[in-house]
Structure formats: C-alpha cells, structure tokens
Amino acid sequence: MTGNSIVDPFAHLHDEDYAAPYSRNRARAADMVAMAGRQRIVLDGPWRFTLDLFDEGLRQKWFADDLTDIAEWQKPRDYDFDPQITVPVPSCWTCLQPEWRHFEGAAWYTRLFEWESHPECERLILRVGAANYEARIFLNGIFLASHLGGSTPFFVELTDSLLAGENRLQIQVDNRRRPDRVPMHHFDWFNDGGLYREVELVPLPRVFIRDFGAYLVPDGTLSHIAVDLTLSDQIDGEAEFSIPDLVPTTRIPIVSGKGKLVLEARPNLWSPLSPKLYDVQIRFGQDQLRDRVGFREVRRDGEKLFLNGEPLWLRGVCVHEDDIFIGRASTETDVRRRFQHARELGCNVMRLAHYPHHERVALIADEEGMMLWEEIPVYWAIDFANPATYADAENQLLEMIGRDRNRASVILWGVGNENADTVERYTFMRGLVEAARACDPTRLIAAACLINRVAFCIEDRLADHLDVVGLNEYFGWYEPDFNGLERLIANSNPDRPVVISEVGADALAGHRGSARELFTEDCQADIFRQQIEIISVVPWIQGFFPWLLYDFRSPRRQTRFQRGMNRKGLIADDKATKKLAFDVISRFYARRS
Ligand code: GCB
C-alpha cells in the first residue's frame, strides 16, 4: 500500500466536486447474491471509527493514506486510523455517545482482515446488510463502489483488489437527509446512522448462483411449483433442483445464465395456522444453496382477499424497527418479542413500517406463521420528478424483493406511503408498481393512499394500479370528528380490497384521564373502540393495522407527553408496558378470528 500521493496539499481546499468520483459504481439489485445456506465470514465486532462532518475523508483522500504510525510521519495528516476509537458493527452511531445522537453526516469505518487464497474460493464478495444512507467501499486504498438506500443489503466484489495477507476495508457511511433521497428530509422516525446490520465476506466459486426463487404458481390450482435461477455468468449448462419431501432431483436447463422450470407438485400449503416449510436445494457446478421455503397463494378477487383459496381478513399491526437503546440495530430477541406481542394481540399480519426491516424478520415470520407487509420508504414528499431518485427507489424495491422473494410470509409489497397525488408522483409510482409486478407474480402490491379531506372519499389515482388500497386514517385523533370516517365509508365503493393501513392516537403509558383528554391511555383506547365499531361492519374493509405496536423515537414529537417519541404504541417504549388499547385490539381480533 502506498502513502497518500497528493502533490499539492492545498488543492482540495478549493474543490467542491470532491464527492463526484466516489458516487459512481453504484452497487445495485443486479449485483445481489442469493445467500441461503452459504458460508459467510462475519466481519462483525469492533471497527475503527471517525466522524467526518466536513467530508475530509473524501476531500483529503484519507482512504489512500498508509497505516504508518504517527511517530514516523514526515508530513502532517488529519487522520491516523486511531485504533483506540472503535464502534461495534452492527450498531447505530446515534445510540453510542450522547454527542453523536443527532449527528447527520459522514463517518469512516475501518477494519483489517487477513486473506489467504483457497482453491475453492475464486471470488470474494462483500455483503453489507444495511448502511444508512449512502455507503462507499474502499479496499486497500482503492475506491470500489457506492450504494444508496438505508435499509437494503448490497454486494461489492473484492476479488481483484485483495492482497495476500492483511487487507484494509473502509466503509464511509453518510446519513445526511437530502432532497433527492428516499425518504427525503421529512419523516416521522429517527434518522439513525451507521453500519447497523451485519457485514460479511462471501467466498464463491468462479460461477455462482446469483438469484433463485421457488414458489407456488399463482394460477388458483395450488398444484404447480416454479423454480427460476440466474447465474453470475451468461453461460449454458444444467442446474439440479430438489425438495427432498416433495420433488425428486430434477435438472433445469440453463441458457445464457438463466433457467426456469414448472413442476407438478401438491405441497402442504404454508399458512399462519400451519407454517409448513420445505427444505429446498439447488446446485450449479461448484455452487449450491439450501433454503427453507413455504408454498402458498395469495390472491385478490373483487374486493376480497384469499390465502390458498380461503377468505383472508388481515388482523394487523404496524411496527417500526426502533429501540431507545440500540436504534434500528434490532436483535433476534427484539424481533421475537415483536412476534410474541403481535400474536398476543391476535394478529395474523404485521406491517413493517416504513422501510425494509432486518432479513431475519421474514425468516422468523416464515417459521412462526405471521404474514408480512414489507415496504420501501417512498414516504411523504419525494423528488418525484428526478430520474435519479426514481432509480434509487426502484433499486431499493428490487433489493427488498431480491432479498425476501423466497419468504412465504411476505404477502404484500408496499410501494409508498401518503404521497401527494401529482403527475410526477403518479408516473413514479406506476413505475414502481410495474417493476414489482414484473419480477414477482406471487405477491400483492399495496400503498397507503390519499383521502380527500373535504369531500371525504378515497382520492388517489394510484389506487387504480394497486391490489390492496391502504387508508391511513386518524379519525378521532388528528381529525377528532368520527362523522368524517362515516362519510368516507358512505362515499366509497371500491372495486378492490381496502385495508385501514394506519389508525391510532398518542398516549403516554400510565397517563390516565377521561376519554376526551388527549395523550391519555383512556383517550387512545376510546378512539380504537369507536374506530372498531364503525369499520368492523364495512364489507369492503379487508384488514386493520393499528399504528402501532411500540412507541418509537421521532424528533418531530416534542410535547411534554412525547419528548422525542411518537407515543401511538399499544405498548410503551420499554416494550413491556401495555396500554389500555392493547386489550381493545386483542378483544376485537379474538372476535374476528
Ligand atoms: C402517518 C404516517 C406515520 C406516522 C403517523 C403518525 O400517517 O404514515 O409514519 O408516524 O401518521 O403518528 O402521525
């Protein structure tokens, strides 16, 4: 590794285009690698860490500096890879030090690792589980790739820049909110920063299976399984596929790196009551994958929903990936607790608001029999006219789908939440709907649509392109008069399933009073009671998603009852104290199941 070769130490002071060279080589959905059953080298643990508010790392090319000890320097530098300041990966820097809590900017993570070549590993790919929001990858002083999007995994090939022996991996992560981002400036959750999901190295043979899917063909017969796969290279050949309890070893012809087969099979179907998973195996050349896959069919017919041909009513709850101590770096314990509480409520589905949550959520949901609505953060105002913003949103959508396409529990892809209905937004959202449909025929597409608050009706052109129309309505809270909800229902005659995708009220746990006193548990419970009375008799409403399971951090919320928290949880931020409304919902769901 050579030292920083900057000739003129002052030139960078005048260069405001410094970031352009490092916003190239975007890692995209097409670069993803199917991970089921693969060997991984975990890079979790302490990484050297530096906050970089003024982007000096890019301006001065810190990544190109060598590791010479500061005592040996001939010239001064502004960065020394100090091994004494480390942070754990995964984690959110916003949760590590009080003075980092509201930091929005760039930070540098450095990790050394040893590498020796092995005959069975011809390629080495870096997988980053999530980095909020922009990430730039450098190996041994060389810029390799960047990635946009704060909640989806991305993959960067390291093979050609690897050294035998010690390697220096650096990731610059930048969580600044910007006008072209998805989400943009303004959203109702906390803007955590950092490498907050696992970072891994994936050793691979020269040709490997990049993507594969196994699913029940959604033709209403429940009698065919389709398998498709894409290889890393556009070559011809043959793959082998089997489901030991269901499908004997079968050959799949591969042409130009792609193969697809439809087989007759009648699996025991996956459902919340019987979450049957099959061991699925696929092999091509030196590469093989193993996954646990459920087979089910979700369909809409008119304004009704069906799972495996049976009517389906969605007893839902929304949840953020949030914790007052660890932010969005949720652990398995966290995730299992969410499922436990949702089950106590009587839910059969959870809406994972408002961005893709950790991949283990869908894996556990598959096992536990909980259906999921997963979504991308096309939330409130977005720069809908900007083609680069569209490319970013579509890529987040495709990365989410690519990651979770084999999870039977995921029944809905959400493409947006409460975006004003302009021409640009209409085009943008239609593009997303088409992109999701084109790559996944096995799920329904949803979005939280807009209500006309003067005429009291659903008024959103996007609704015509969705399978499931979400209505976020806060009658009783933001709009105190329930008369509006009754008028909305009377004025609507939807031709497709509608769900109440959000409904609720803030309540500080333990704060009691009359049903009219805002921020009391009594008021929150009463609003849910009245909501349920009105919506439960509407034939076209196919589901209900209280907003939400737990209180969560939101800098927008600053009253004495909120203090930086959105208090609409049915459970407080300690994730243990249930508010009165919890019981109201669980009684309702007990009647509905
Ligand atoms: C909404 C948003 C959600 C907010 C919620 C609220 O409509 O979709 O993200 O947190 O309202 O609490 O106001």
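Just follow the structure's listing: the first ligand is 1, and inside any ligand the first atom is 1. If you're wondering where the values come from, they're calculated on a predicted model, not measured in any experiment. The chain is numbered in sequence order, starting from 1.
The only option from R197, R360, R553 that meets the salt bridge (Lys or Arg N to Asp or Glu O under 4.0 Å) definition with E321 turns out to be R197. With W189 as the partner, the ring-ring contact (aromatic ring centres under 6.0 Å, His included) test is satisfied by one option alone out of Y550, F552, Y355: Y355.
Using a 4.0 angstrom heavy-atom cutoff, Y474 counts as in contact with ligand 1.
Atoms of ligand 1 found under 4.0 Å from any heavy atom of R557 (numbered from 1 in listed order, with element): 6 (C), 12 (O), 13 (O). Each of the following atoms of ligand 1 lies closer than 4.0 Å to a heavy atom of E502: 1 (C), 2 (C), 3 (C), 5 (C), 7 (O), 8 (O), 11 (O). Close contacts of ligand 1 with K568, meaning ligand atoms under 4.0 Å from a residue heavy atom, involve 6 (C), 12 (O), 13 (O). Annotation for ligand 1: atoms under 4.0 Å from non-hydrogen atoms of H354 are 3 (C), 8 (O), 9 (O). Numbered from 1 in the order shown, with element, the atoms of ligand 1 that lie under 4.0 Å from a heavy atom of N472 read 7 (O), 8 (O).
The distance from atom CZ of R560 to atom CG of L508, rounded to the nearest 0.5 Å, is 11.5 Å.
The closest side-chain heavy-atom distance from H341 to M350 is not below 4.5 Å. Considering only heavy atoms from C-beta on, R461 stays 4.5 Å or farther from M429 through its side chain.
Close N/O approach between H320 and ligand 1 is not found [any backbone or side-chain N/O within under 3.5 Å].
Under 4.0 Å from ligand 1, the heavy atoms of W547 that appear belong solely to its side chain. Contacts between N566 and ligand 1, counted as non-hydrogen atom pairs separated by less than 4.0 Å, involve the side chain only.
In terms of protein heavy-atom proximity, atom 13 (O) of ligand 1 is closest to Y478 OH, 2.5 Å. Scanning the protein for heavy atoms near atom 10 (O) of ligand 1, the closest one is D188 OD2, 2.5 Å. The protein heavy-atom contact nearest to atom 7 (O) of ligand 1 is E418 OE2, 2.4 Å.
Taking the six-membered ring where the residue is Trp, F545 and W373 present perpendicular rings, their angle passing 60° and hence far from 30°.
Judged by the 6.0 Å distance and 45° axis criteria, K579 is not positioned over the aromatic ring of F582.
F428 has its ring centre less than 6.0 Å from the ring centre of Y390.
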